[in-house]
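Keep in mind it's a predicted model, so treat the numbers as computed, not measured. Per chain, numbering begins at 1; letters A, B, ... match sequence-line order. The figures that follow rest on heavy atoms only: side chains count, while hydrogens, waters and symmetry mates do not.
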2 protein chains.
Amino acid sequence: MPAAQLASVFAALGDETRWEILARLGAAPASASALAAGFPISRQAIVKHLDVLQEAGLVEAARRGREVRYSVLGGRLSSLGRDLERLGSAWDRRLSSIKQLAESDQ
Amino acid sequence: MPAAQLASVFAALGDETRWEILARLGAAPASASALAAGFPISRQAIVKHLDVLQEAGLVEAARRGREVRYSVLGGRLSSLGRDLERLGSAWDRRLSSIKQLAESDQ
DNA sequence: ACCTTCTGCAACTTATGGGTTGCACTAGGC
DNA sequence: GCCTAGTGCAACCCATAAGTTGCAGAAGGT
């Protein structure tokens, strides 16, 4: 995954309110209005957050009659997690091999 | 990990420049000035990014003579990745069980 | 001692992200 | 056909994050 897209997904995850939204959608799908009822901010603010989450591929929208029902896409988060895990351990391995070189060099 | 801290770490990861910095530090530790030479922005800007990354626990600073050498903390990223993976699959499991309920209900 | 290199601090500009309000539109329920 | 609940769009504040410049201080090389 290119760094540009990585950054935008994490930017989406870099907001406390959006995590709360994800948590509630993780419990059960809901509409923007239904969500807004449980938050101290306006429905429009919630919609903006949902747009960001949808753009990042973390949430899915489905029109159902006159309401739009949002649900969380856990798979996206899982694969992201696996990517991070790989990246982190790769860096750790490289760092320790560099340290070995430095020690054998003195 | 509480959602508040999660968000701040991801906010740190939500910037393209910081990903580039992490990538270079992942290749080899470096000082702020050395890093800045490879970027189109000022050293001060790099320092600010490094501060954010350090605050998030993604990077470590070590004074070495007159320079400060930064290195990436891959372990932090790995454990974060594992957390995400768990969370995502938990949501997916719950979502599919809700769907089953909905289908048996019609 | 002197010069150079790297760091640290502070003030400032600018862009963007989170939030608001107001209004128009659409789709179900009765 | 009318009312209501839910959505969509647009303009607008306000705080903060990204970046800049300028200068002062500390540490290594010669």
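- Regarding B:I46, its CD1 atom lies at a distance of 15 Å from the P atom of C:dC6, rounded to whole Å.
- The nearest whole Å value for the distance from the CZ atom in A:R66 to the P atom in D:dC3 is 15 Å.
- In this structure, A:R43 and A:R18 both approach DNA chain C, and ranking their closest nucleotides by distance from the 5' end singles out A:R18.
- Using a 4.0 Å heavy-atom cutoff across all strands shown, B:R63 reaches sugar-phosphate atoms only and no base atom.
- Under 4.0 Å is where a charged nitrogen must lie from a carboxylate oxygen, and between B:D83 and B:R86 at least one such pair does.
- Here A:S42 does not reach the OP1 or OP2 of C:dG19: none of its side-chain N or O atoms lies under 4.0 Å away.
- B:Y70 has its OH atom 14 Å from the P atom of C:dC6, to the nearest Å.
- Ranked by how close their nearest DNA chain C nucleotide is to the 5' end, B:A32 and A:R64 are led by B:A32.
- Rounded to whole angstrom, the span from the CG atom of A:L13 across to the P atom of C:dG17 amounts to 15 Å.
- With C:dG8, C:dC6, C:dG18 as the candidates, the nucleotide lying closest to the side chain of A:H49 is C:dG18.
- The distance from atom CG of A:D51 to atom P of D:dT7 is 12 Å, rounded to the nearest whole Å.
- One interatomic measurement links the two molecules: CD1 of B:I41 to C1' of C:dA15, which rounds to 15 Å at whole-angstrom precision.
- Rounded to whole angstrom, the span from the CZ atom of A:R69 across to the P atom of C:dG28 amounts to 14 Å.
- Between C:dG18 and A:T17, no contact under 4.0 Å exists linking OP1 or OP2 to a side-chain N or O.
- If you take CG of B:D15 and C1' of C:dA15, they are 13 Å apart, rounded to a whole angstrom.
- Under the 4.5 Å side-chain heavy-atom criterion for ILVMFWY residues, a single connected hydrophobic cluster contains both B:L6 and A:L77.
- Between A:E16 and A:R18, none of the side-chain N atoms (NZ, or NE/NH1/NH2) sits under 4.0 Å from a carboxylate O, so this pair counts as no salt bridge.
- Side chain A:K48 to base C:dG17: no donor-acceptor pair is found below 3.5 Å.
- Comparing A:E67 and A:Q44 against DNA chain D, the residue whose closest nucleotide sits nearer the 5' end is A:E67.
- Here A:A11 lies out of heavy-atom contact (under 4.0 Å) with every strand.
- Rounded to the nearest 0.5 angstrom, A:S8 OG and B:D15 CG are separated by 11.5 Å.
- A cation-pi arrangement is absent between B:R24 and B:Y70, since the terminal nitrogen or guanidinium carbon is not both under 6.0 Å from the aromatic centre and inside a 45° cone about the axis.
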